[in-house]
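One structure is given below, encoded as structure tokens.
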There are 2 protein chains.
Amino acid sequence: MRQPEHLKIVGLKSTTPRLKILSLFESSQEHHLSAEDVYKLLMASGDDVGLATVYRVLTQFEQAGLLVRNYFEGGKSVFELNQGKHHDHIVCMQCGHVEEFYDATIEARQEKVAIERRFSIRDHSLYIYADCTNKQCPHKDLRADPMPTNKIGAAQSLD
Amino acid sequence: MRQPEHLKIVGLKSTTPRLKILSLFESSQEHHLSAEDVYKLLMASGDDVGLATVYRVLTQFEQAGLLVRNYFEGGKSVFELNQGKHHDHIVCMQCGHVEEFYDATIEARQEKVAIERRFSIRDHSLYIYADCTNKQCPHKDLRADPMPTNKIGAAQSLD
DNA sequence: ATGCAAATGATAACGATTATCATTTGCATC
DNA sequence: GATGCAAATGATAATCGTTATCATTTGCAT
């Protein structure tokens with residue numbers, strides 16, 4: 001299930017629900033999971049954790065820097081392990097598959113835009129919604145619910 | 001209140017609530033309005049329009065191309081008149097002031113990223129969350145509620 | 001083993017939005 | 001200008017993701 005060290009380090013008591021949720025992110029095939037996804041996966045594997053706890057723990061993990069929260073369109077948050085390196089996302093609207101990318105030029109231009117307008121960047125979100133046409137969506141099974149009819153932007157904390 | 005031509009053109013019957021809502025966007029100081037904002041502004045000016053109608057009409061206007069919907073963080077949609085020219089947003093997290101910007105390089109790089117990954121872009125959203133420090137937030141009064149504690153990305157349709 | 005603050009879980013509450021459905025309205029036709 | 005009917009409206013219930021409440025349980029320092 002996972003050693004409690006990581007949790008202790010970030011100042012969180014190592015409880016059963018927390019350890020289960022953290023190891024789920026580390027073992028899951030799809031690493032972009034919503035609270036609902038986490039809850040269902042835990043139930044499916046026989047681990048009963050309350051939905052309220054799932055939401056609480058995800059938020060705590062985000063604040064502790066273990067997870068990064070993304071605000072996908074449709075109004076629901078999706079979490080992923082914080083790999084330390086900032087990236088943006090491109091989402092297939094057909095199958096919901098998510099790919100990550102990092103473009104130094106885009107990052108730099110954002111800084112430029114902010115400076116020109118005398119803003120100091122705290123955060124930014126960039127989501128590209130697209131169709132992975134050439135691949136004929138070979139990712140259809142990776143995600144529970146394909147993708148909301150309705151798409152939404154997402155937030156991305158800077159490193 | 002506004003002439004009904006525009007509505008007819010996009011295939012919508014010109015009703016009183018629709019005309020009021022459209023002219024509100026054209027006359028309002030702040031041109032990024034949520035459904036709640038629209039509802040309250042209408043009430044304040046003595047025009048009673050049901051909240052359900054506001055939501056319906058905003059969605060119809062979006063589909064008709066009259067308005068553009070933005071998914072700000074916090075999960076609420078914000079609408080603005082469709083000026084024809086695509087732009088992204090930079091939002092002050094202190095006062096909620098929104099400025100628009102367009103950066104050709106960023107747009108181009110997004111295309112590049114998508115092509116490299118064999119995706120075809122349908123839509124994208126880019127929101128920069130920042131503090132307009134140097135301006136000492138001179139925009140505090142423009143918006144009803146400053147800005148949700150919690151921030152969200154936003155969607156932007158490509159021209 | 002004990003104690004207590006912290007964490008959990010069931011459930012109610014919440015905010016934004018959509019669905020339902022009876023009533024009203026725009027507007028084409030007479 | 002009166003009529004008819006599909007379309008639009010508005011009050012309200014319902015939904016969805018999420019947060020708040022609060023009694024019970026648990027981690028862990030003693």
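The shown structure was predicted, so the numbers you read here are calculated from the model rather than taken from an experiment. Within every chain, numbering begins at 1; the chains are lettered A, B, ... in the order of the sequence lines, protein sequences first and strands thereafter.
Hydrophobic clustering (ILVMFWY, side-chain heavy atoms < 4.5 Å, transitive): A:M43 and A:L22 are in one cluster.
A pairwise comparison of heavy atoms in B:Q110 and B:I121 identifies O-CD1, 3.7 Å as the closest pair. Minimum heavy-atom separation, A:Y102 to A:E107: CE1-CG, 3.6 Å. Closest approach of B:G84 to B:N82, counting heavy atoms only: N-OD1, 2.8 Å.
Within the 4.5 Å cutoff, the side chain of A:F119 has no heavy atoms near those of the B:V91 side chain. The side-chain heavy atoms of B:I90 and A:H124, taken from C-beta on, include no pair separated by under 4.5 Å.
Residue A:L51 contributes atom CG, which lies 13 Å from atom C1' of D:dA20 at whole-angstrom precision. With rounding to whole Å, B:R69 atom CZ is found 14 Å from C:dA16 atom P. The nearest whole Å value for the distance from the NZ atom in A:K76 to the C1' atom in D:dT15 is 13 Å. Atom P of nucleotide D:dT9 and atom CZ of B:F61 are separated by 9 Å, given to the nearest angstrom. Here the P atom of nucleotide D:dC16 and the CG atom of A:D37 are 15 Å apart, to the nearest Å. As a whole-Å value, the separation of A:K40 NZ from D:dC16 P is 10 Å. If you measure from atom OH of A:Y39 to atom C1' of D:dT19, you get 16 Å, rounded to the nearest angstrom. Counting to the nearest Å, the P atom of C:dT24 and the CG atom of B:D48 are 16 Å from each other.
Sequence order on DNA chain D of the closest nucleotides to A:A35 and B:A52 puts B:A52 first from the 5' end.
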>> Please convert DNA chain D into dot-bracket. A pair counts if it is Watson-Crick or G-U wobble with both distances under 3.5 Å; crossing pairs go in [ ] and bases paired with another strand get |.
In response: ||||||||||||||||||||||||||||||
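One N or O on the side chain of A:R18 and one on the backbone of A:K13 form a donor-acceptor pair closer than 3.5 Å.
Using a 3.5 Å distance cut-off with no hydrogens or angles, the side chains of B:E80 and B:H89 do pair a donor with an acceptor.
The side chain of A:Y55 places no N or O atom within less than 4.0 Å of a non-bridging phosphate oxygen (OP1 or OP2) of D:dT19. Regarding contacts with the backbone of D:dG27, every side-chain N or O of A:S14 stays at 4.0 angstrom or more from both OP1 and OP2.
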So which protein N/O to nucleotides 4-7 of chain C N/O distances come out below 3.5 Å?
unit_1, atom_1, unit_2, atom_2, d
C:dA6, O4', A:K13, NZ, 3.2
C:dA7, OP1, A:R18, NH1, 3.4
C:dA7, OP1, A:R18, NH2, 3.1

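Closest to the side chain of A:T16, out of D:dG27, D:dT18, C:dT17, is D:dG27.
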For residues 48-57 of chain A, which side-chain donor-acceptor pairs fall under 3.5 Å, sequence neighbours excluded?
unit_1, atom_1, unit_2, atom_2, d
A:T53, OG1, A:R56, NH2, 3.2

